[in-house]
*Asks:* 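First the structure, then my questions, so here it is.
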Amino acid sequence: MVEVPVAGRNGNDGKSSVDCLIGGWSSIPWRKLETAVYRLQKRIFRASCRGDVAVVRSVQRLLMKSEAARCLAVRRVTQDNQGKHTAGIDGVASVSLQ
């Protein structure tokens, strides 16, 4: 994943929030990411039950742009789903943990 540095974002001097937590793919705290995504999904559900469309859309935008959701999506495709057997552009079907 290519990260564009943004100075001062979240007070971490241009590093992404996931990069600040990890040293590599195998050391990502997956439970924390799943919890963060679940909380956002729960906020969306509660707002939709209230009929608050503006809050639903804003929290959906947060979820789409969250790095936790992106990492979990990549993990699902490359490790959990059957897409892990599909070769990519380079013709390599397996992803190393680096």
Side-chain angles (χ1 to χ4, degrees):
M1 175 172 30
V2 176
E3 280 294 323
V4 177
V6 178
R9 185 175 81 186
N10 297 331
N12 57 15
D13 300 326
K15 296 178 184 175
S16 72
S17 59
V18 174
D19 287 339
C20 291
L21 294 174
I22 64 171
W25 182 259
S26 60
S27 63
I28 292 178
W30 293 112
R31 285 287 177 207
K32 286 184 180 182
L33 298 183
E34 289 169 356
T35 303
V37 169
Y38 177 73
R39 284 182 186 151
L40 287 173
Q41 290 171 337
K42 194 163 55 170
R43 283 178 61 189
I44 292 168
F45 174 75
R46 287 181 185 163
S48 66
C49 286
R50 288 192 314 262
D52 197 348
V53 177
V55 172
V56 169
R57 289 185 181 159
S58 67
V59 179
Q60 281 177 337
R61 192 175 304 116
L62 280 174
L63 181 62
M64 285 191 313
K65 294 187 179 288
S66 75
E67 293 182 32
R70 289 180 191 177
C71 286
L72 285 173
V74 169
R75 180 177 181 228
R76 277 193 195 111
V77 171
T78 58
Q79 293 179 352
D80 297 341
N81 291 348
Q82 291 185 3
K84 65 184 175 184
H85 299 298
T86 305
I89 293 173
D90 56 358
V92 178
S94 63
V95 177
S96 65
L97 294 176
Q98 295 180 11

*Asks:* Would you mind reporting whether L33 and R75 have side-chain heavy atoms less than 4.5 Å apart?
*Replies:*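 Side-chain contact under 4.5 Å: no.
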*Asks:* Decide yes or no for R43 and L62: does some side-chain heavy atom of the first lie under 4.5 Å from some side-chain heavy atom of the second?
*Replies:* yes
*Asks:* Give, for atom OG1 of T35 and atom NZ of K42, the distance between the pair rounded to the nearest 0.5 Å.
*Replies:* 9.5 Å
*Asks:* Do you know the tightest heavy-atom contact between A69 and L63?
*Replies:* CB-O, 3.4 Å
*Asks:* Between V37 and W30, is there shared hydrophobic-cluster membership here, with clusters defined by ILVMFWY side-chain heavy atoms closer than 4.5 Å?
*Replies:* yes
*Asks:* Could you measure the distance from the CG atom of L40 to the OG atom of S66? Nearest 0.5 Å is fine.
*Replies:* 6.0 Å
*Asks:* Can you tell me how far the CD1 atom of I44 sits from the SG atom of C49, to the nearest 0.5 Å?
*Replies:*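 I44 CD1 to C49 SG: 12.0 Å, rounded to 0.5 Å.
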*Asks:* Could you tell me whether R31 and E34 make a salt bridge, using a distance below 4.0 angstrom between a side-chain N and a carboxylate O?
*Replies:* yes
*Asks:* Roughly how far apart are Q41 CD and R46 CZ, rounded to 0.5 Å?
*Replies:* 12.5 Å
*Asks:* Taking all heavy atoms of V56 and all of S48, pick out the closest pair and write down the distance.
*Replies:*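 That closest heavy-atom pairing would be CG2-N, 3.4 Å.
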*Asks:* Return the CZ to CG distance between R57 and D52, rounded to the nearest 0.5 Å.
*Replies:*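 Nearest 0.5 Å value for the CZ-CG distance: 11.0 Å.
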